[in-house]
Engineer: 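Sending over a structure as structure tokens; questions will come in a sec.
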2 protein chains.
Amino acid sequence: MVEDFVRGKGYLTLGTRFKRIGDRLQADVQQLIDAAGLAVQTGQYPLLAALDEMGPMTIGDLAAALGVSQPGVTRSVGQLAKQGVVTVRRGSRDQRKRRVELTEKGRTLVADGRQTIWPLIETHLADICADTDGPLLDQLDALETRLQEKSLYSRVMETKEGNTNE
Amino acid sequence: MVEDFVRGKGYLTLGTRFKRIGDRLQADVQQLIDAAGLAVQTGQYPLLAALDEMGPMTIGDLAAALGVSQPGVTRSVGQLAKQGVVTVRRGSRDQRKRRVELTEKGRTLVADGRQTIWPLIETHLADICADTDGPLLDQLDALETRLQEKSLYSRVMETKEGNTNE
DNA sequence: GCATAATATATAACAGGTTATATAAACCGT
DNA sequence: ACGGTTTATATAACCTGTTATATATTATGC
């Protein structure tokens, strides 16, 4: 078999590898979101959660809070507005600014997520990362290995079955 | 100031955060590549390095070796072929397969990278990650903090000046 | 108080990742 | 040896990130 070249290159391919792990994690979380019947894109939950916890914000504030570029936020907000999850309106004092705010639907979405899947994600990811304490590369190895062995989704489902079903 | 929301959410935003760090690392490395006068995209160095070290491969083998999807490799190879860095030809025995091979230009590019910037990347990233040993989230905090304090590029440049210039 | 500079957001173009699906070649069973 | 299945790659459509640049509004200095 052809093996994992990126993994073997250590620090040299760290950027590629971080992105790869991030994609994998987001894909796994998306499964959970879908299974819970929540109509959101994984990548937009942070934006919604920020609005929920910090209140209405401008595009620029969101970009700063999320560590993402302003055009990225503009686009995300545009999509979320189209889905009716947030509203956008011009600032009253400064008309250059746009005030982004959760709609009722948006608040419900965040509340549902917080209740149903957030605890599962936290618990299981903490578990996956738990007993690794070495250097960063070792921890990445362990994380990737464990996600390959059993996806976050499978881990969550097993637990749920054990607890709530016959 | 608005602070870093993603960082504060711990495991919940791990996927987003991994991708963010990966983007940052790749951007930093791209600076080094540009400064060294190498005409490549950071993200494609792993592919080139794999071809260099493992010899000519098919699209599918590359996808497996790099841990990315087959369509992703098809596109990367297409771009690299356009730049004259790799050649692609049908397999002789199995005409479905495409054999991807470094050109002379490609081999030179890898050799140059290996000589000029790879050691710098390894050294400085290892250094940045060195004395952190705790749980994963702490290491991510440390990594992000250090990259914010001083970019990989700055770190490399400082070292070079100290060693090789007046 | 008007011209210029700065700021906030929008838009365009690109990167590189994904999934789903189409196409072409090879394999296989009868 | 031909029809159906499998396999390898290509293509399409989308996501989300980026940078560079345009537009609109506010702030400022003379």
Side-chain angles (χ1 to χ4, degrees), chain A residues 2 6 13 15-31 33-34 40-48 57-64 66-83 88-100, chain B residues 2 6 13 15-31 33-34 40-48 57-64 66-83 88-100:
Chain A
V2 187
V6 169
T13 52
T16 300
R17 195 158 172 213
F18 259 91
K19 287 176 71 173
R20 187 173 82 178
I21 295 175
D23 279 336
R24 172 65 200 264
L25 285 170
Q26 286 205 340
D28 277 20
V29 168
Q30 188 67 55
Q31 281 192 296
I33 290 178
D34 291 346
V40 215
Q41 223 55 30
T42 313
Q44 315 210 302
Y45 246 127
L47 196 158
L48 297 177
M57 284 195 279
T58 66
I59 301 275
D61 287 347
L62 278 168
L66 301 172
V68 160
S69 68
Q70 167 261 309
V73 173
T74 295
R75 181 171 39 190
S76 289
V77 165
Q79 287 172 200
L80 291 169
K82 201 173 293 175
Q83 296 171 235
V88 189
R89 62 177 192 217
R90 310 201 88 77
S92 45
R93 220 183 72 179
D94 186 339
Q95 298 238 312
R96 288 169 305 183
K97 297 188 178 175
R98 310 280 241 101
R99 180 186 159 96
V100 184
Chain B
V2 187
V6 169
T13 51
T16 299
R17 196 158 173 213
F18 260 90
K19 286 176 70 172
R20 187 172 81 177
I21 296 175
D23 279 336
R24 172 66 200 264
L25 286 170
Q26 286 206 339
D28 278 20
V29 168
Q30 187 68 53
Q31 281 191 296
I33 290 178
D34 291 346
V40 215
Q41 224 52 34
T42 313
Q44 315 212 302
Y45 245 126
L47 195 159
L48 297 176
M57 284 195 280
T58 66
I59 300 276
D61 287 346
L62 278 167
L66 301 172
V68 301
S69 67
Q70 167 261 310
V73 173
T74 295
R75 180 170 40 187
S76 289
V77 165
Q79 287 171 200
L80 291 170
K82 201 172 294 177
Q83 295 171 236
V88 189
R89 63 176 192 218
R90 309 202 88 77
S92 45
R93 220 184 72 182
D94 185 340
Q95 297 239 313
R96 288 169 306 181
K97 296 190 177 175
R98 311 280 241 103
R99 180 185 157 96
V100 184

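All chains are named by letter (A, B, ...) in the order of the sequence lines, taking the proteins before the strands, and each is independently numbered beginning at 1. Note that this is a predicted model, so its numbers are computed, not measured. Computed from heavy atoms alone, side chains included, the values below leave out hydrogens, waters and symmetry copies.
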Engineer: Contact class for B:G60 vs. all strands (heavy atom < 4.0 Å): base, sugar-phosphate, or nothing?
Structural biologist: sugar-phosphate
Engineer: Select base, sugar-phosphate, or nothing to describe what B:Q95 touches, counting heavy atoms under 4.0 Å on all strands.
Structural biologist: sugar-phosphate
Engineer: Quick one, B:D23 with B:K19, criterion salt bridge (Lys or Arg N to Asp or Glu O under 4.0 Å). Give me CA distance, side-chain angles, the key distance, then yes/no.
Structural biologist: CA-CA 6 Å; B:D23 279 336; B:K19 286 176 70 172; over 6 Å; no
Engineer: Taking the nucleotide of DNA chain C with the closest heavy atom to each, which residue, A:D23 or A:D94, is nearer the 5' end?
Structural biologist: A:D94
Engineer: Base, sugar-phosphate, or nothing: which does B:V73 touch, judged by heavy atoms less than 4.0 Å apart?
Structural biologist: nothing
Engineer: Give a yes or no on whether the backbone of A:L66 and the side-chain of B:R20 come within a donor-acceptor separation of less than 3.5 Å.
Structural biologist: yes
Engineer: Grab the NZ-P distance between B:K19 and C:dT18 for me, whole Å please.
Structural biologist: 10 Å
Engineer: C:dT9 phosphate, OP1 or OP2: any side-chain N/O from A:T74 under 4.0 angstrom?
Structural biologist: no
Engineer: Reading DNA chain D in the 5' to 3' direction, which nucleotide is the first one with an atom under 4.0 Å from a heavy atom of chain B, and which is the last?
Structural biologist: D:dT7 to D:dG17
Engineer: Could a donor-acceptor pair under 3.5 angstrom be found where the side chain of A:R98 meets the base of C:dT9?
Structural biologist: no
Engineer: Judged by each residue's nearest nucleotide on DNA chain D, which is more toward the 5′ side, B:T58 or B:R75?
Structural biologist: B:T58
Engineer: I need the CZ-C1' distance between A:F18 and C:dG16, as an integer number of Å.
Structural biologist: 18 Å
Engineer: Have a look at A:R20 and say if it touches a base, only the backbone sugar-phosphate, or nothing, with a 4.0 Å heavy-atom cut-off.
Structural biologist: nothing
Engineer: Regarding A:R93, tell me which of base, sugar-phosphate or nothing describes its non-hydrogen contacts under 4.0 Å with the strands shown.
Structural biologist: sugar-phosphate
Engineer: Could you check whether any side-chain N or O of A:Q30 sits under 3.5 Å from a backbone N or O of A:V40, counting only pairs where one atom can act as donor and the other as acceptor?
Structural biologist: yes
Engineer: With a non-hydrogen cut-off below 4.0 angstrom, is B:Q79 in contact with a base, only sugar-phosphate, or nothing?
Structural biologist: sugar-phosphate
Engineer: From CG of B:L66 over to P of C:dT18, roughly how many Å is that when rounded to an integer?
Structural biologist: 11 Å
Engineer: Checking side-chain polar atoms at under 3.5 Å, does A:T42 have a donor or acceptor matched by the opposite partner on A:Q26?
Structural biologist: no
Engineer: Send over the distance from B:L80 CG to C:dA15 P, rounded to a whole Å.
Structural biologist: 12 Å
